[in-house]
Participant: 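Before we start, here is the structure in question, set down as structure tokens.
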Amino acid sequence: MRDLNDDALGLSDQILVWYDEHARALPWRVSPSDRASGVTPDPYRIWLSEVMLQQTTVAAVKDYFHRFTHRWPTVQDLASAEDGDVMGEWAGLGYYARARNLLKCARVVTDEYAGVFPTTHDGLLKLPGIGPYTAAAISSIAYDLPETVLDGNVERVMARLYNIDAPLPGAKPQLKTLAAALTPDRRPGDYAQAVMDLGATICSPKSPACGICPWRDPCLARSAGKAAELPKKTPKKPKPTRRGHVYLAQASNGEWLLERRPDKGLLGGMLGWPGSEWSEAPEPTPPFAANWRDLGGEVRHTFTHFHLILQVMVTELPPHHSPADGHLRIAANDFRPSDLPTVMRKAFDLWHGQ
DNA sequence: AAATCGTGGCC
DNA sequence: TGGCCAAGATT
């Protein structure tokens, strides 16, 4: 079988030439020129960035990456952090299981691997929060091993390059095979980042800039005039709407009543306001008997698979009321709204300006 | 293996 | 404005 990558200037070489010229400077990235002169990436920073980048844009990750690496410069530092501090630092970034697994992983690497990340794809795959993509990303980017990254960018680029009509996610194995055939033995780390950069900038979902693409000539979807239509995707299910109540109580000395949510499920491990269940018609479940006042305005928030409308109830927290099961009194000085997941912060904002 | 799991930006 | 989309993992 003819290998497209064996052409005079192979496909992987074409995109590496482009990457050498256009690679974006990213906080966790070793530039192609630095890499060429022997600079090696820090596996801790590559791992951290890749976990943060799961289903998350570069723009959203940048500040979080800086705060994490400033506060916890090494995997050992992160491993010895308090759970609540890590969850608070992750607040707002979403998909909070990532933060829980991040901490688990840091502790496994520190306690069982002497602080050194595994250097093989299979070794990395065993760690919490590291799946097929992230294992390949760390292998290639941090260790320059010829593993194939398959993320949304690579799926889109391959679907277009080879004009694949089969819809995602079913077409994933086929796209993985095509991507693997292109992965070069030389500079696999730069190559992996090059394809993803291409997908993130030129080969964008809606209006790809085919005119300036390093793969404009070999791209089959472009020849067929179908680039912008691919990849096809199986339609998504509609989102139902759920409702709920949250209860915000502050004492005259400034203390707040909050709860630490259980580790499993939505917003697991995060700080939040006590509240009802979220359903079509939830029963009010105030955390203690009081004259709760309805703030009036509603918090509207959309999660991955449902819309939420939250009714915000407020009252004064009695000075000597001891919090029930799982509820916490937190001093004003120890409470930062930025520690809350976004939906809970919206409820806070509704009460206290902003 | 289909469902679950956040959030912000974009058009 | 509402759906789509983002360097996916877990169960």
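Note on naming: letters A, B, ... go to the chains in the order of the sequence lines (proteins, then strands), and numbering restarts at 1 for each one. None of these values were measured; they are calculated from a predicted model.
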Participant: Looking at DNA chain C, which of residues 129-137 of chain A put a heavy atom within less than 4.0 Å of it?
Facilitator: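 Output list: A/Gly129, A/Ile130, A/Gly131, A/Pro132, A/Tyr133, A/Thr134.
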
Participant: Pairs under 3.5 angstrom, nitrogen or oxygen only, protein versus nucleotides 2-4 of chain B, please.
Facilitator:
{"residue": "B/dA3", "atom": "OP1", "partner": "A/Lys237", "partner atom": "NZ", "Å": "3.1"}

Participant: Would you kindly check if the NZ (Lys) or CZ (Arg) of A/Arg345 is within the cone defined by 45 degrees around the ring axis of A/Phe348 and under 6.0 Å from the six-membered ring centre?
Facilitator: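 Verdict for A/Phe348: no cation-pi partner in A/Arg345.
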
Participant: Polar atom pairs between nucleotides 8-11 of chain B and protein, under 3.5 Å, N or O only, would you list them?
Facilitator:
none

Participant: Report the relative orientation of the aromatic rings in A/Trp351 and A/Trp256; use parallel for angles under 30°, tilted for 30 to 60°, perpendicular for over 60°.
Facilitator: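 Perpendicular.
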
Participant: Output yes when at least one side-chain N/O atom of A/Gln54 is less than 4.0 Å from OP1 or OP2 of C/dG8, else no.
Facilitator: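 Answer is no, no contact under 4.0 Å.
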
Participant: Select base, sugar-phosphate, or nothing to describe what A/Arg24 touches, counting heavy atoms under 4.0 Å on all strands.
Facilitator: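 Base: the residue A/Arg24, judged by heavy atoms under 4.0 Å, touches a nucleobase.
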
Participant: Could you tell me whether A/Phe68 and A/Phe65 have their ring centroids closer than 6.0 angstrom?
Facilitator: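 No, the ring of A/Phe68 stays outside the 6.0 Å limit from the ring of A/Phe65, centre to centre.
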
Participant: Go through B/dT7, C/dG8, C/dC5 for me and flag the one nearest to the A/Pro341 side chain.
Facilitator: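 Per side-chain heavy atoms of A/Pro341, the pick is B/dT7.
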
Participant: How about A/Tyr95 and A/Trp90: are their ring centroids closer than 6.0 Å?
Facilitator: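 No.
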
Participant: Aromatic ring centroids of A/Phe303 and A/His305 under 6.0 Å?
Facilitator: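 No - the distance between ring centres of A/Phe303 and A/His305 does not fall below the 6.0 Å cut-off.
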
Participant: Taking the side chain of A/Gln55 as heavy atoms from C-beta outward, which of B/dT7, C/dG8, C/dC5 is closest to it?
Facilitator: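 Among B/dT7, C/dG8, C/dC5, the one nearest the side chain of A/Gln55 is C/dG8.
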
Participant: Report yes if the side chains of A/Met270 and A/Asp339 come closer than 4.5 Å at any heavy-atom pair, otherwise no.
Facilitator: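 Contact flag for A/Met270/A/Asp339 side chains = no.
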
Participant: Can you confirm whether the side chains of A/Ser139 and A/His121 place a donor and an acceptor under 3.5 Å from each other?
Facilitator: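 Absent: no donor and acceptor within the cut-off.
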
Participant: For A/Arg156 and C/dA6, is the shortest distance between a side-chain N/O and OP1 or OP2 below 4.0 Å?
Facilitator: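 Checking C/dA6 against A/Arg156, a side-chain N or O does come within under 4.0 Å of OP1 or OP2.
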
Participant: Please work out if A/Val149 contacts a base, only the sugar-phosphate, or nothing of the nucleic acid, heavy-atom cut-off 4.0 Å.
Facilitator: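 Counting heavy atoms under 4.0 Å across all strands, no contact is made by A/Val149.
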
